Structures are given as C-alpha cells and as structure tokens.
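Worth saying up front: this structure is predicted, and the values here are computed from it rather than measured.
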Amino acid sequence: MPLPDFLIAGVPKAGTTALHAALVRHPGLFLPTVKEPKFFLTDGRPPATGGPGDVQTYQEHVWRRADYEALFDPAPPGTLRGEATPFYLYDPGTHERIHELVPDVRIILLLRDPVDRAHSNWTHLWNAGLEPEGDFLTACRAEEQRKAAGWADFWHYTSLGLYGRQVQHLYKVFPREQVLLLRYRELKDAPAATLDRVCDFLGVRTGVVGSIPRENVNRHVVEDTPVNAVLRGLLRTGGTFGHRFPVPLRLAARGPLLTLLHRKRGARPVTTPAERAELLPLFADDIALLQDVTGERYDDWLSVDRHAKAS
C-alpha cells in the first residue's frame with residue numbers, strides 16, 4: 001500500500017509548482033506525474049457543482065484510495081514518495097485526514113505575501129477566462145458570496161492567505177519537526193540553499209538539485225474588451241458546446257478559445273499600493289498570529305509601498 005512520505009501542502013501561487021518541478025529531478029525522491037491529486041481534500045467523492053470551471057477541476061480529483069495509491073506504484077525502491085497539493089494547508093479537516101492515514105508524513109509549506117498571493121490567484125483565473133470580474137478588489141469583495149454559492153477553494157482569494165490560523169491548526173495536529181516552513185522569496189532568490197533545506201528536511205542527499213526550472217508564468221495580457229468578454233463567457237460555460245456534449249468534447253474547445261484570449265502578450269500585472277492599502281487590514285491580525293505561532297517575522301508583508309515585490 002504505497003502512500004506518500006512527504007507532502008507539499010501549501011500554498012497556491014507561492015512556488016509549489018516550481019518546487020515540485022525541482023524535486024522530481026532528485027534521484028532519491030519520487031513524485032507522480034499528477035501534480036495535484038487532491039486526495040485528502042474530501043472524505044469521498046468531490047462536489048458536483050461550483051463556480052466557473054470547478055466541475056472540471058472536481059473531475060480531476062484522485063479521490064479513491066486505490067487510485068491514489070496507484071500514483072506511487074512506479075516509485076523506485078528506496079525512494080521517498082511525495083506529492084504536491086497546495087490546498088492541503090487551507091482546510092482543517094484535511095489536516096485530520098492526512099494524520100489519520102499518514103501520521104508520520106513530512107509537510108512542506110511555501111508562504112507568500114497574502115496580498116500578492118491573492119492578486120496572483122485572481123490573475124491566474126482571469127487569464128484562464130474563468131474569473132468573471134475584471135477588477136481585482138471587486139472580485140475579493142465577492143468572496144463571501146462566492147463561498148455561500150459553493151465556489152471551490154481557489155476562488156477564496158483572501159481566505160487562502162490567512163496562514164496564521166491555518167498553521168496554528170496544523171501544529172495542533174502534527175509535531176512542528178514534521179513541518180518545514182519556507183517563503184516564496186527564499187525559493188526565488190536563493191534556490192540552491194532552499195532546495196538543500198528541503199532535501200535535508202526530507203533526509204535525502206543535498207547538493208543534487210540546485211536550481212528551479214522556469215515557472216510556467218503566464219505573460220498574456222487579457223484585456224476587458226467586448227471580444228474577450230465573449231471568449232471568457234464561452235470558457236466559463238464550457239465552450240461553444242455547452243452541456244449538451246460530453247466533457248472531453250467541451251474541454252477540446254478550451255484550447256482554441258484560450259489561444260484567442262491570449263493573443264496579446266505583455267508584462268504580468270502587479271499589485272498596486274491602492275490594492276494593498278485596501279486588503280492589508282484583512283490580514284494584519286492573522287500575520288501577527290502567524291508570527292506568534294511560528295516565531296518568524298513577516299513584518300515586510302504589512303508595507304503598503306512594497307508594490308508586489310516577491311515575498
């Protein structure tokens with residue numbers, strides 16, 4: 001019954017994809033080709049409804065235990081098995097499910113400035129044609145309404161960044177020595193040293209992987225134009241085929257639609273001081289809690305004038 005020895009458990013838009021891409025090159029580690037199996041997010045079958053694109057995402061969940069274990073079957077003997085699902089930190093129930101099945105698992109967390117993380121999250125969904133709101137702050141203000149409507153966790157732009165309460169609960173379930181807490185900027189600015197920290201934490205040879213493969217950063221500029229509004233509407237509703245055709249056929253329409261939507265390239269948008277000024281009060285108390293819980297300092301996240309400096 002192969003199960004993971006380690007998890008990259010958080011957080012979305014904080015370098016988990018880059019870390020996964022680096023660790024798969026280590027001969028002492030095995031990570032399945034399915035980057036986000038999401039197995040521990042539910043007790044069984046995932047929901048059948050949600051926000052734009054959520055149904056497709058739920059269909060990608062590896063929720064049956066036999067299927068999950070099968071992901072690790074190809075692991076060479078003697079390697080440590082792991083997987084990356086950056087939503088595991090967010091849900092307290094997930095912490096309990098992980099502990100019940102793999103109590104000795106090692107957990108890696110990457111944290112990023114919560115405002116920048118939220119903006120990157122919104123940009124990701126906007127560029128994917130799924131986010132219906134073209135203004136970042138307006139989309140954040142709609143969060144509670146979206147939660148009530150059952151939209152998936154990836155739409156929880158601000159709540160996903162309340163790391164203090166999330167880490168506090170994780171530490172109640174797992175001993176601190178089983179958790180490695182990193183910052184996004186450490187992976188970005190000092191990849192070799194950060195990767196060695198990860199390898200040392202996992203107990204595999206250091207100095208083997210010293211660089212981060214280039215992240216899949218979306219450099220497309222998706223403007224809020226009438227033509228793009230039509231394309232985005234088609235993407236949110238499953239393409240031109242609607243729900244009268246099977247899912248694979250609807251998914252086949254996404255590629256051409258995204259190509260049209262991404263026809264313009266440019267600089268990646270960044271968080272503005274005005275956006276930081278409005279959102280920082282939502283995070284101030286939680287950042288203080290995070291500092292108390294971890295003993296680490298995150299004062300730089302409280303600056304309005306950072307202008308989206310990677311953190």
Side-chain angles (χ1 to χ4, degrees), residues 4 6-17 19-20 35-43 46 57 61 82-122 124 140 143-144 146-148 150-187 198 201 279-302 311:
F6 69 94
L7 299 169
I8 302 173
V11 297
K13 310 309 295 181
T16 57
T17 297
L19 180 59
H20 177 279
K35 177 190 172 276
E36 294 186 18
K38 304 180 177 71
F39 173 73
F40 291 104
L41 293 183
T42 61
D43 282 314
T57 300
H61 280 217
E83 59 110 329
T85 298
F87 295 95
Y88 286 162
L89 176 63
Y90 181 51
D91 175 34
T94 292
H95 305 170
E96 306 289 350
R97 286 187 286 272
I98 293 171
H99 189 269
E100 181 178 355
L101 193 60
V102 281
D104 296 326
V105 73
R106 291 187 174 272
I107 296 172
I108 302 166
L109 304 178
L110 282 157
L111 304 184
R112 182 180 184 180
D113 174 287
V115 178
D116 291 349
R117 194 223 65 81
H119 189 271
S120 180
N121 194 158
W122 170 82
H124 177 110
C140 290
E143 183 167 322
E144 293 306 315
R146 291 174 172 186
K147 283 185 183 179
W151 290 28
D153 293 349
F154 202 33
W155 298 96
H156 302 181
Y157 298 147
T158 59
S159 298
L160 277 166
L162 297 173
Y163 314 132
R165 63 184 68 173
Q166 297 166 27
V167 174
Q168 183 182 52
H169 185 273
L170 185 71
Y171 282 166
K172 291 178 180 177
V173 179
F174 288 93
R176 292 182 182 228
E177 58 267 24
Q178 287 181 224
V179 180
L180 177 63
L181 194 62
L182 301 170
R183 289 177 61 146
Y184 170 73
R185 77 174 185 197
E186 294 173 336
L187 188 65
V198 173
F201 171 70
L279 292 183
L280 276 176
L282 300 178
F283 299 110
D285 289 344
D286 188 78
I287 291 172
L289 174 62
L290 179 65
Q291 295 183 143
D292 289 341
V293 168
T294 65
E296 304 286 341
R297 304 304 303 173
Y298 296 92
D299 306 79
D300 54 306
W301 288 355
L302 295 171
S311 60

Check whether any side-chain heavy atom of W301 sits under 4.5 Å from a side-chain heavy atom of L290, and report yes or no. yes
Would you say the side chain of S120 lies within less than 4.5 Å of the side chain of R112, judging by non-hydrogen atoms? yes
Rounded to the nearest 0.5 Å, how far does CG of L162 lie from CG of L89? 10.5 Å
Residues in ring-ring contact (aromatic ring centres under 6.0 Å, His included) with Y88, at least two apart? F40
Can you name the closest pair of heavy atoms from E96 and V173 and give their distance? OE2-CG2, 3.6 Å
What residues, two or more places apart in sequence or in another chain, satisfy side-chain contact (heavy atoms from CB on, under 4.5 Å) together with L280? V115, R276, V304
Are any non-hydrogen side-chain atoms of F174 and I98 less than 4.5 angstrom apart? yes
The criterion is side-chain hydrogen bond (donor to acceptor under 3.5 Å, both in side chains); which residues satisfy it with Y90, sequence neighbours excluded? H156
Of all residues at least two apart in sequence or in a different chain, which pass the salt bridge (Lys or Arg N to Asp or Glu O under 4.0 Å) check with E144? K147
With rounding to the nearest 0.5 angstrom, report the CG to CD1 distance, D300 to I287. 8.5 Å
Taking all non-hydrogen atoms of both residues into account, name the closest pair between I107 and A9 and its distance. CG2-CB, 3.7 Å
Evaluate the side chain to side chain contact (heavy atoms under 4.5 Å, CB included) criterion for residues T57 and K38: first the C-alpha distance (whole Å), next the side-chain angles of each, then the deciding distance (0.1 Å), finally the verdict. CA-CA 10 Å; T57 300; K38 304 180 177 71; 4.1 Å; yes
D299: side-chain hydrogen bond (donor to acceptor under 3.5 Å, both in side chains) partners, not counting sequence neighbours: R297
Can the ring centroids of F154 and F87 be said to lie less than 6.0 angstrom from one another? yes
For residues 83-93, pull every pair meeting salt bridge (charged side-chain N to carboxylate O under 4.0 Å, His left out), keeping only residues two or more places apart or in separate chains. D91-R97
Is L180 close to R106 at the side-chain level, that is, under 4.5 Å between some pair of heavy atoms? no
Under the ring-ring contact (aromatic ring centres under 6.0 Å, His included) test, which residues partner F39, sequence neighbours left out? Y68
Looking at D292, I want to see if its CG is surrounded by more than 12 non-hydrogen atoms of other residues, nucleotides or ligands under 6.0 Å. yes
Nearest heavy-atom neighbours spanning A84 and P37: O-CD, 4.2 Å
Are the side chains of V11 and L160 in touch, meaning some heavy atoms are under 4.5 Å apart? no
Separation between OH (Y184) and CG (L111), nearest 0.5 Å, reads 13.5 Å
For L289, which residues count as a side-chain contact (heavy atoms from CB on, under 4.5 Å) partner, sequence neighbours excluded? R165, Q168, D286, V293
Can you name the side-chain contact (heavy atoms from CB on, under 4.5 Å) partners of R146, sequence neighbours left out? E131, P132, E133, A139, A142, W151, W155, Y157
Residues passing the salt bridge (Lys or Arg N to Asp or Glu O under 4.0 Å) test with D153, sequence neighbours excluded, are none
In Å, rounded to the nearest 0.5 Å, how long is the span from CD1 of I108 to CG of L181? 11.5 Å
Taking all atoms of both residues into account, what is the closest heavy-atom pair of S159 and Q166, and its distance? O-NE2, 3.1 Å
With sequence neighbours left out, write down each residue that passes side-chain hydrogen bond (donor to acceptor under 3.5 Å, both in side chains) with H20, or none if nothing qualifies. none
Once rounded to the nearest 0.5 Å, what's the spacing between atom CG of L187 and atom CG of L19? 6.0 Å
Scanning both residues in full, the closest heavy-atom pair of P114 with G161 reads CB-O, 3.6 Å
Checking salt bridge (charged side-chain N to carboxylate O under 4.0 Å, His left out) for the pair D116/R185: CA distance, chi angles, key distance, verdict? CA-CA 12 Å; D116 291 349; R185 77 174 185 197; over 6 Å; no
Report the residues that fulfil side-chain contact (heavy atoms from CB on, under 4.5 Å) with P175, sequence neighbours left out, ordered by chain and then residue number. E177, Q178
Do the side chains of T85 and T94 get nearer than 4.5 Å, heavy atoms only? no
Quickly, which of H169, K172, E100 forms a side-chain contact (heavy atoms from CB on, under 4.5 Å) with H95? Name it, please. H169
Any chance you could measure Q291, atom CD, to L302, atom CG, to the nearest 0.5 Å? 7.0 Å
Between L282 and E143, is a side chain to side chain contact (heavy atoms under 4.5 Å, CB included) present by the stated rule, with each step listed? CA-CA 13 Å; L282 300 178; E143 183 167 322; over 6 Å; no
